[in-house]
Amino acid sequence: MDATVATLIGTSIGTLGGLAGGLFPAFLQSRQARAQLDVEERRRRDDLRREACNAFASAAHQYRMHWWQLNSKLGKGIADRDLFDGSAALWTEVTAAHSRAAIAGPTKIAEAADQLLAQLHAMDSAGTEWFSSIESGYQHSVDVLRDELLAARRAVRVGAFASVVRRELGNDESLYASPRAQAQAIEDTHSPSVQPLTSPDTA
């Protein structure tokens, strides 16, 4: 083989080898960078989901506690119109927080959020009926209406929603903004039976 040709071939092989040697590390770096971006994007997405779920759980708990206060008044035959009207503003917060949590997803969390909202709505409906009866002075079946509100309040399971969020998002932190809500989560998820309503902390 001509020496010049051999030199050219050797040079070409060396050049190609150098290019290949440089491209492979660059490919690995690019792949690692994309993987890191994916991880960060998932973390940001899950953080936003946790934030939305935290807001909904907190709003749901506050709404449930508000109806405990109304329950206490109604049990004494008092229809506190100001307190009752305050539930409307809280309900707006609940529905807005629910929308954010449901949209953020994923599907199982959205379904759990829908279930919790339905429980809160049932509580609101039962309480509104009792309030209207007391306010109008109509005492017929008042014991039935009282029991319906109590049952509806007990059916609200904020802790069950929190459990779904922790399971889906791997979040071990509390989804509650107050010690009372944390206590309610423990009751909702671990208590085999519901105790009689005695105070906000045990309801």
Side-chain angles (χ1 to χ4, degrees), residues 45-75 78-135 145-169 171 173-189 191 194 197 199-203:
R45 179 197 61 197
D46 287 349
D47 285 346
L48 289 174
R49 284 173 168 172
R50 290 188 186 97
E51 181 179 351
C53 291
N54 178 65
F56 180 45
S58 178
H61 173 71
Q62 292 301 319
Y63 195 67
R64 188 177 187 274
M65 295 304 301
H66 187 81
W67 268 107
W68 182 89
Q69 297 177 48
L70 278 165
N71 180 97
S72 180
K73 293 275 189 177
L74 292 171
I78 301 173
D80 190 323
R81 169 54 65 174
D82 291 338
L83 190 61
F84 178 78
D85 289 344
S87 65
L90 290 175
W91 181 250
T92 299
E93 295 178 10
V94 167
T95 54
H98 162 265
S99 296
R100 290 191 294 271
I103 291 173
T107 301
K108 290 184 178 180
I109 288 180
E111 292 174 347
D114 289 344
Q115 184 177 23
L116 177 55
L117 183 68
Q119 294 166 357
L120 293 168
H121 184 266
M123 178 187 67
D124 179 84
S125 297
T128 297
E129 187 174 358
W130 188 19
F131 178 88
S132 298
S133 177
I134 295 295
E135 188 177 48
L145 296 176
R146 178 198 61 207
D147 291 344
E148 287 178 351
L149 174 58
L150 181 58
R153 285 194 66 256
R154 287 172 170 173
V156 174
R157 290 291 183 246
V158 183
F161 170 73
S163 295
V164 173
V165 174
R166 285 192 293 268
R167 183 169 62 249
E168 293 300 310
L169 300 182
N171 180 21
E173 297 179 359
S174 173
L175 286 178
Y176 299 94
S178 70
R180 284 181 175 179
Q182 294 175 22
Q184 182 58 43
I186 295 173
E187 177 189 336
D188 286 349
T189 55
S191 177
V194 179
L197 177 63
S199 74
D201 293 327
T202 59

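Everything quoted here is computed from the prediction, not taken from an experiment.
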If only atom types and distance count, is the side chain of [X] paired as donor or acceptor with the main-chain N or O of [Y] below 3.5 Å?
X	Y	answer
Arg49	Leu169	no
Ser72	Trp68	no
Thr128	Ser125	no
Ser58	Ala55	no
Thr95	Trp91	yes

Distance in Å, [X] [atom1] paired with [Y] [atom2], rounded so as to fall on 0.5 Å steps:
X	Y	atom1	atom2	result
Leu117	Asp124	CG	CG	10.0 Å
Leu149	Arg154	CG	CZ	10.5 Å
Leu90	Arg64	CG	CZ	14.5 Å
Glu111	Leu116	CD	CG	14.0 Å
Arg146	Leu74	CZ	CG	11.5 Å

Taking side chain as C-beta onward, heavy atoms only, is [X] less than 4.5 Å from [Y]?
X	Y	answer
Asp80	Phe84	no
Ile78	Ile134	no
Trp130	Glu148	no
Glu135	Ser132	no
Leu70	His66	yes

For residues [X] and [Y], report the shortest heavy-atom separation together with the two atoms involved.
X	Y	answer
Glu168	Lys108	OE2-CD, 3.3 Å
Ala102	Asp114	CB-OD1, 4.4 Å
Ala59	Val94	O-CG2, 3.6 Å
Leu145	Ser133	CD1-CB, 3.6 Å
Leu120	Ala60	CD1-CB, 3.6 Å
Val158	Ala57	CG1-O, 3.7 Å

Evaluation steps, side-chain contact (heavy atoms from CB on, under 4.5 Å), between Leu83 and Gln69: CA-CA 8 Å; Leu83 190 61; Gln69 297 177 48; 4.0 Å; yes
Determine the sole option in His121, Gln115, Met123 for which the side chain to side chain contact (heavy atoms under 4.5 Å, CB included) test with Gln119 is passed. Gln115
Once the angle between the rings of Phe161 and Phe56 is folded into 0 to 90°, is it parallel (under 30°), tilted (30 to 60°) or perpendicular (over 60°)? perpendicular
Check the orientation of Tyr63 and Trp67. Use parallel for under 30°, tilted for 30 to 60°, and perpendicular for over 60°. perpendicular
CA sep, side-chain torsions, deciding dist, call: Val164, Arg167, side-chain contact (heavy atoms from CB on, under 4.5 Å): CA-CA 5 Å; Val164 173; Arg167 183 169 62 249; 3.5 Å; yes
Take Ser163 and Arg166, measure what side-chain contact (heavy atoms from CB on, under 4.5 Å) needs, and give me the verdict at the end. CA-CA 5 Å; Ser163 295; Arg166 285 192 293 268; 3.4 Å; yes
